[in-house]
Amino acid sequence: MAYCNKRLILASGSPRRRELLDKFGIDYEILPAQGEESAPPELTPGERVKALAAQKAEEAAHRVNDPAAVILAADTLVELDGEVLGKPGASERARAMLRALSGREHRVWSGVCIREGERILAESECTAVRFRTLSDAEIEAYIATGEPLDKAGAYGYQGLASLFVERIEGDFFNVMGLPVCRMGQMLRKFGISLL
């Protein structure tokens, strides 16, 4: 049984992150980050997602203005051969990303930041994902659903793109945007138990 005697705030509007956190039956508030985060391009993917998650947590902390509140923030990116694949936004970009991922392995990085007052803990998780070879017809059919346009790397693992994934190595939930195992260990350091 989850236990939390603190005010927990999820600094994310992601339905997937809410769905994952809901599994633990813990009370929390939702306060999505509103600003546009940015990180220096020279950072490694792991450092980049930690920095972006920390920015989201900081913004939420300033808006909440409650030093006793525990803020949970996360950021996820897809990386292929050192290149970060963000949200495509348009069909042409989604098509290019899916063709690049076809038949290859890529990495999904998530950064998690937990903040309580001035105490801040930020960590990252990496999961390797291998796509099977995709036909042009499959790519076009997937793009037509609209699902890939607002997702990092142009796919949502929890949706129709689950048909493309041959295997993963690492935290399954990390590919959905929240490395649950790591998050649980981090929250315990702030006195919040999810079990």
Side-chain contact, heavy-atom cut-off 4.5 Å: [X] with [Y]?
X: R16; Y: L178; result: no
X: R17; Y: M176; result: no
X: Q185; Y: K189; result: no

| message | What verdict does the side chain to side chain donor-acceptor pair (under 3.5 Å) test give for S38 and R48, after you've listed the backbone C-alpha separation in whole Å, the side-chain angles of each residue and the deciding distance to 0.1 Å? | response | CA-CA 9 Å; S38 63; R48 182 183 180 102; over 6 Å; no
Find out if a path of hydrophobic residues (ILVMFWY) with successive side-chain heavy-atom gaps under 4.5 Å connects [X] to [Y].
X: L101; Y: W109; result: no
X: I114; Y: I120; result: no
X: V129; Y: M97; result: yes
X: L121; Y: V180; result: yes
X: I143; Y: L134; result: yes

| message | Which residues pass the side-chain contact (heavy atoms from CB on, under 4.5 Å) test with R104, not counting sequence neighbours? | response | L80, D81
| message | Walk me through whether E147 and K151 qualify under side chain to side chain contact (heavy atoms under 4.5 Å, CB included). | response | CA-CA 8 Å; E147 186 177 280; K151 306 218 174 17; 4.0 Å; yes
| query | Centroid-to-centroid, Y155 to Y142, below 6.0 Å? | reply |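 Between Y142 and Y155, which both carry aromatic rings, the centre distance is not below 6.0 Å.
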| query | So does E42 have more than 12 non-hydrogen atoms from other groups sitting under 6.0 Å from CD? | reply |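 Atom CD in E42 is crowded, with more than 12 foreign heavy atoms closer than 6.0 Å.
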| query | Is R132 atom CZ crowded by more than 12 heavy atoms from other residues, nucleotides or ligands, each under 6.0 Å away? | reply |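 For R132, atom CZ is crowded (more than 12 foreign heavy atoms under 6.0 Å).
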Whether the side chain of [X] engages the backbone of [Y] through a donor-acceptor N/O pair (distance < 3.5 Å, no angle test) should be reported.
X: K56; Y: A74; value: yes
X: S12; Y: P32; value: no
X: R115; Y: A61; value: no
X: K23; Y: E19; value: no
X: E116; Y: R119; value: no
X: S110; Y: T76; value: no

When rounded to the nearest 0.5 angstrom, what is the spacing between [atom1] in [X] and [atom2] in [Y]?
X: E125; Y: D171; atom1: CD; atom2: CG; value: 5.5 Å
X: L77; Y: K87; atom1: CG; atom2: NZ; value: 11.5 Å
X: L21; Y: D27; atom1: CG; atom2: CG; value: 10.5 Å
X: Y28; Y: R18; atom1: OH; atom2: CZ; value: 6.5 Å
X: R63; Y: I71; atom1: CZ; atom2: CD1; value: 9.5 Å
X: F131; Y: L98; atom1: CZ; atom2: CG; value: 6.5 Å

| query | Checking side chain to side chain contact (heavy atoms under 4.5 Å, CB included) for the pair L194/I26: CA distance, chi angles, key distance, verdict? | reply | CA-CA 7 Å; L194 297 180; I26 196 165; 3.7 Å; yes
Nearest heavy-atom neighbours spanning [X] and [Y]:
X: A60; Y: L31; result: O-CD2, 3.9 Å
X: A53; Y: A73; result: O-CB, 3.4 Å
X: A39; Y: L43; result: CB-CD1, 4.0 Å

| L85 and E79: side chain to side chain contact (heavy atoms under 4.5 Å, CB included), yes or no, with the steps? | CA-CA 6 Å; L85 305 180; E79 177 244 327; over 6 Å; no
| request: Considering only NZ, NE, NH1 and NH2 on the basic side and carboxylate oxygens on the acidic side, decide whether K50 and E47 come within less than 4.0 Å. | output: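 A salt bridge links K50 with E47.
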Please tabulate, for the side chains in residues 158-170, all donor-acceptor contacts under 3.5 angstrom to protein atoms that are two or more places apart in sequence or on a different chain.
{"unit_1": "S162", "atom_1": "OG", "unit_2": "G159", "atom_2": "O", "d": "2.8"}
{"unit_1": "E166", "atom_1": "OE1", "unit_2": "R130", "atom_2": "NE", "d": "3.3"}

| field | Stepwise side chain to side chain contact (heavy atoms under 4.5 Å, CB included) test for I9 and R7 | value | CA-CA 7 Å; I9 297 170; R7 182 181 181 195; 3.8 Å; yes
